Structure formats: C-alpha cells, structure tokens
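Heads up: the structure comes next, in structure tokens.
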Amino acid sequence: MNLLIINGPNLNLLGTREPEIYGSQTFQEYFDDLQQKFDTVALSYYQSNIEGALIDKLHEARTNFDGVILNAAAYTHTSVAIADAIKAIEIPVIEVHISNTHSREAFRHKSYLSPVVKGVILGFGLKSYDLAIQSFL
Ligand code: DQA
C-alpha cells in the first residue's frame, strides 16, 4: 500500500513550534519511526506552507497513491479550494490534527474538509498519524 502524508503550513516547525500543544519531536524524527513501525507500507511525506502547492500535491496523488493522510493545519478552517480538491480526487483522504481543535479557539472548530474526507482523527498528538495509517490497513 502506498500512502502519502501531507502537512500544511507551519508544520515544518514541529519540534519547536508551541511544544506545549504540538510536542517536541520534529516531524522527520516521527516519520522515521512511522516508517520503521509500518514497514509493509510505502510511506511518503510532503509539506508546504502554500495552499496551491498542497492542492497540486493532492491532484498528483490520485494516480500514485492508495490514500492520503492530510493535516492541512490552518487551511482546514479556511480553504474551500482544498475541500474541492479532495472532492475532485477519487482516492480516500483522512483528515488528521495533532491537537484537539474542538478544545481550542472557536475558529478552529470549523473544518471545511471534514464533510468531504473519509474520516477524521484528532487530538492524539503525533499518534493521530499512526492511527490514520492503521485505519487504512
Ligand atoms: C492543527 C490544528 C490547526 O488549528 C492549526 O492551525 C495547525 C495544526 C493540528 O494539527 O492540531 O497548524 O492542524
């Protein structure tokens, strides 16, 4: 199985960004752990701070991957365009968040993506990505 993890804006700073919310591990360290744990899965990783680049990657993914694990970060709460991209591709997309967005500011309670994804996993720290991979298996 080929799975692509896509991270959106500011998630390149995991490890140092608000560690009380997002933890102190870098995503690269965590990704290495995931690859070891799920050694039968071909995992790829992409991160961008640019909305259009995330959309381009979703379009590309439809021919190369069996599914996408997407943390669109702040674009979750604003992006009709990313929601449309998810609707436009046939492969399943799982929305993940590190933090429990519903226990935070009201503007984080709205997700434009949740209605169009296969499922949502949030609030388990970086383990949210691990749970998303398990759901594909
Ligand atoms: C986040 C939650 C978003 O509200 C926030 O903008 C992020 C990260 C999370 O993984 O908890 O950047 O998607």
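Source: prediction; values computed, not measured.
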Applying a strict under-4.5 Å side-chain criterion to I, L, V, M, F, W and Y, I'd like to know whether [X] and [Y] cluster together.
X: L11; Y: L34; value: yes
X: I6; Y: Y45; value: no
X: L113; Y: L131; value: no
X: Y75; Y: L14; value: no
X: V120; Y: Y22; value: no

Do any N or O atoms from the side chain of [X] and from the backbone of [Y] form a donor-acceptor pair under 3.5 angstrom?
X: S128; Y: H97; answer: yes
X: Q47; Y: G8; answer: yes
X: S103; Y: N100; answer: yes
X: Y46; Y: I5; answer: no
X: R62; Y: H59; answer: yes
X: D66; Y: N2; answer: yes
X: S114; Y: S111; answer: no

Which pair of heavy atoms, one from [X] and one from [Y], lies closest together, and at what distance?
X: P9; Y: A74; value: CG-N, 4.3 Å
X: F65; Y: L3; value: CD2-C, 3.7 Å
X: V68; Y: I91; value: CG2-CD1, 3.8 Å
X: Q35; Y: L43; value: NE2-O, 3.6 Å
X: V116; Y: I86; value: O-CG2, 3.4 Å
X: S44; Y: F31; value: C-CZ, 3.9 Å

Next item on the list: Would you verify whether the NZ or CZ of K110 falls within 45 degrees of the ring axis of Y112 while also being under 6.0 Å from that six-membered ring's centre?
Entry: yes
Next item on the list: With side chain to side chain contact (heavy atoms under 4.5 Å, CB included) as the test, would you mind laying out the steps for V117 and I94 before giving the verdict?
Entry: CA-CA 6 Å; V117 294; I94 295 186; over 6 Å; no
Item checked: Set of residues satisfying side chain to side chain donor-acceptor pair (under 3.5 Å) with respect to K37, sequence neighbours excluded -> D130
Check: Among all residues two or more places apart in sequence or in another chain, which pass the side chain to side chain donor-acceptor pair (under 3.5 Å) test with D33?
Finding: Q25
Next item on the list: Flag the pair K57 / S48 as yes when at least one side-chain heavy-atom distance between them is below 4.5 Å, and no otherwise.
Entry: no
Check: Within a strict 4.5 Å, meaning less than it, do heavy atoms of the E95 and N71 side chains meet?
Finding: no
Item checked: Distance (rounded to the nearest 0.5 Å) between F107 CZ and T101 OG1 -> 10.5 Å
Notebook entry, point to check: Could you walk me through whether Q28 and D32 pass the side chain to side chain donor-acceptor pair (under 3.5 Å) check?
Noted result: CA-CA 6 Å; Q28 193 54 57; D32 293 346; 3.1 Å; yes
Item checked: Trace of the side chain to side chain contact (heavy atoms under 4.5 Å, CB included) decision for V93 with K118 -> CA-CA 6 Å; V93 176; K118 186 171 164 61; over 6 Å; no
Next item on the list: Report the residue from I82, V96, N7 that forms a side chain to side chain contact (heavy atoms under 4.5 Å, CB included) with L70.
Entry: I82
Next item on the list: Could you go through the side chain to side chain contact (heavy atoms under 4.5 Å, CB included) check for E51 and S79 one step at a time?
Entry: CA-CA 8 Å; E51 186 175 16; S79 182; 2.5 Å; yes
Note to self: Set out, in order, the CA-CA distance, both residues' side-chain angles and the distance that settles ring pair (Phe, Tyr, Trp, His ring centres under 6.0 Å) for F27 and Y129, then state yes or no.
What the structure shows: CA-CA 11 Å; F27 198 80; Y129 295 87; 4.9 Å; yes
Item checked: L137 vs F38, side chain to side chain contact (heavy atoms under 4.5 Å, CB included): CA-CA, chis, key distance, verdict -> CA-CA 10 Å; L137 297 175; F38 296 102; 3.7 Å; yes
